[in-house]
Number of protein chains: 2
Amino acid sequence: MAKIIASKNGTKKDVIIKKAAFLFRKKGFTGTSMRELAENIGVEASSLYNHIGSKSELLQNICFKVANDFTVQLNETEKATTDTKTKLENLIRFHIHMMLDLYDEVFVANHEWKQLEEPFLSNFLIQRKLYESRMIEIVKSGIRKKELKNIHPHVAVFTILSAVRGLELWQRHKKNITIKELETNMINQLLNGISK
Amino acid sequence: MAKIIASKNGTKKDVIIKKAAFLFRKKGFTGTSMRELAENIGVEASSLYNHIGSKSELLQNICFKVANDFTVQLNETEKATTDTKTKLENLIRFHIHMMLDLYDEVFVANHEWKQLEEPFLSNFLIQRKLYESRMIEIVKSGIRKKELKNIHPHVAVFTILSAVRGLELWQRHKKNITIKELETNMINQLLNGISK
DNA sequence: TTACAAAACTAACACTTATTAGTTTTTTAA
DNA sequence: TTAAAAAACTAATAAGTGTTAGTTTTGTAA
């Protein structure tokens, strides 16, 4: 009888979620079966249900964990009394680190949220929309305070968000560059274009 | 008896592929069933097989059509005898237009290629890798000719590719900005950061 | 009108899906 | 050592999957 071994700091449910994130990223949510997930853990599919409620619940856990992490960081950044450029730099840095530390989870939140069921789908979209709006506000305020060029705030924010999201593509090249290099280069390229 | 109405410039197969691209984008490849696709066209699932070979074949058609379009444009750009900045500007412009004209298809090629079966999966990845390498070469040559700052070529290319890919997110905001504005803003933000 | 091909239909196939019920094993605590 | 709880198992369910076979309808051209 195989067993799900709970990791040092995490329940067995956490072990299942972690492996689910890995598989959902690699094969998609609908492309991953519970039997496949179970096999990867070393257990029968039905045994999973001693620890989790449903397949859907796994996706919810992953998506909202990520959304929450980003929201918490945004809260702190907004409170900080720094100039706009530093605020943006902090956010970009956080995105980069999230992508490196929680690659599978962030990827799944970015790509598989569509498979969420209501009301989770709506909630997720609202939370994301709010995040974007608040970031746009930061840029707008930077423009008003003449800390940023007179760029289109929407375009600026989406270009930044897209670029950091693109770190997904980057995973393959990890070896050829250090994280510090990557961070510096990307922030330079993204900010020096918009900061006065 | 419902019928698949062939569009002006396209076979019935083309109609099926178009609707497939739409659904694959919205619900994912594995998340879309042939019965669902058929219903959206107004026909029984089995009727589709008078026009197509398999579900897989639909995905192949979509992915390689997109990959080909990009490769053709890259060929032309490489041949052109312009400076590096103009070359990059042309490529970015093409990406933007592809995203606007063939939104569903580009999205599917970006996100659902994982569901391709061998040998198509390998072929697709090779073609994509090649595209990236050739774009990196353009940047490298621009650095050598001192037309670009001494940035990290990989990071630069991936930041650009990610940013244009981010136009996916942008679809929702179409109304608030013209395409020309979007184009100008994005190219400015992406290039003025790296051009001397 | 008749003959032929294209393209629709119904029905079924074999297989996979998430999940549940009921049972047995393992772990925990007294 | 024993009793209770946790977590594994086997087996089965009902629903959904892509696809095929065989048949009927539709459109086209002689």
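Only a predicted model underlies this, so the values are computations on that prediction, with no experimental measurement involved.
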Expressed in angstrom and rounded to an integer, what is the separation of Ile52(A) atom CD1 from dT20(C) atom C1'? 13 Å
Show your working on salt bridge (charged side-chain N to carboxylate O under 4.0 Å, His left out) between Glu105(B) and Lys18(B) and close with a plain yes or no. CA-CA 8 Å; Glu105(B) 288 81 356; Lys18(B) 194 77 198 168; 2.8 Å; yes
Is there a side-chain polar atom (N or O) of Lys55(A) under 4.0 Å from OP1 or OP2 of dT19(C)? no
Roughly, in whole Å, what's the span from NZ in Lys13(A) to C1' in dA7(D)? 16 Å
For every nucleotide of nucleotides 11-16 of chain C, 5' to 3': is a protein heavy atom under 4.0 Å from its base (B), only from its sugar-phosphate (S), or from neither (-)? -B----
Sorted by chain and number, sequence neighbours left out, side-chain contact (heavy atoms from CB on, under 4.5 Å) with Ala80(A) holds for Thr82(A)
In whole Å, what is the span from the OH atom of Tyr49(B) to the P atom of dC9(C)? 15 Å
Quiz: residues 93-100 of chain B side-chain donor-acceptor pairs under 3.5 angstrom, not counting sequence neighbours:
from     : atom 1 : to        : atom 2 : distance (Å)
Arg93(B) : NH1    : Glu183(B) : OE2    : 2.3
Arg93(B) : NH2    : Glu89(B)  : OE2    : 2.5
His95(B) : NE2    : Tyr131(B) : OH     : 2.9
His97(B) : ND1    : Arg93(B)  : O      : 3.2

Interatomic distance, Glu36(A) CD vs dT17(D) P [rounded to whole Å]: 18 Å
Determine, step by step, whether Ser141(A) and Glu137(A) satisfy the side-chain hydrogen bond (donor to acceptor under 3.5 Å, both in side chains) criterion, reporting the C-alpha distance in whole Å, the side-chain angles of both residues, the deciding distance to 0.1 Å, and the verdict. CA-CA 6 Å; Ser141(A) 127; Glu137(A) 262 328 300; over 6 Å; no
Quick one: label Thr32(B) by what it contacts on the DNA or RNA (base, sugar-phosphate, nothing), any heavy atom closer than 4.0 Å. sugar-phosphate
Can you tell me which nucleotide in dA7(C), dT19(D), dA8(D) comes closest to the side chain of Asn50(A)? dA8(D)
How would you list, by chain and number, every residue that makes a ring-ring contact (aromatic ring centres under 6.0 Å, His included) with Phe120(A), sequence neighbours excluded? none
Show me the donor-acceptor pairs, under 3.5 Å and distance only, between side chains in residues 55-63 of chain B and residues at least two apart or in other chains.
from     : atom 1 : to        : atom 2 : distance (Å)
Lys55(B) : NZ     : Phe29(B)  : O      : 2.9
Lys55(B) : NZ     : Thr32(B)  : O      : 2.7
Ser56(B) : OG     : Glu117(B) : OE1    : 3.3
Ser56(B) : OG     : Glu117(B) : OE2    : 3.0
Glu57(B) : OE1    : Gly53(B)  : N      : 3.3
Glu57(B) : OE2    : Lys13(B)  : NZ     : 3.2
Glu57(B) : OE2    : Gly53(B)  : N      : 3.4
Asn61(B) : ND2    : Glu57(B)  : O      : 2.8

Distance in angstrom units between Leu37(B) CG and dG16(D) P, rounded: 18 Å
Output yes when at least one side-chain N/O atom of His51(A) is less than 4.0 Å from OP1 or OP2 of dA6(D), else no. no
Between dA7(D), dT19(D), dT19(C), which nucleotide gets closest to the side-chain atoms of Met34(A)? dT19(C)
Round to the nearest Å and state the distance from Ile41(A) atom CD1 to dA7(D) atom C1'. 13 Å
Candidate nucleotides dA8(D), dC9(C), dT19(D), ranked by approach to the side chain of Ser47(A) - the nearest: dA8(D)
Atom CG of Leu59(B) to atom C1' of dG18(D): distance rounded to whole Å? 15 Å
Only counting residues at least two apart or in another chain, list the ones meeting side-chain contact (heavy atoms from CB on, under 4.5 Å) with Asp83(A). Lys85(A), Thr86(A), Glu147(A)
Which listed nucleotide (dA8(D), dT19(C), dC9(C)) is nearest to the side chain of Glu44(B)? dC9(C)
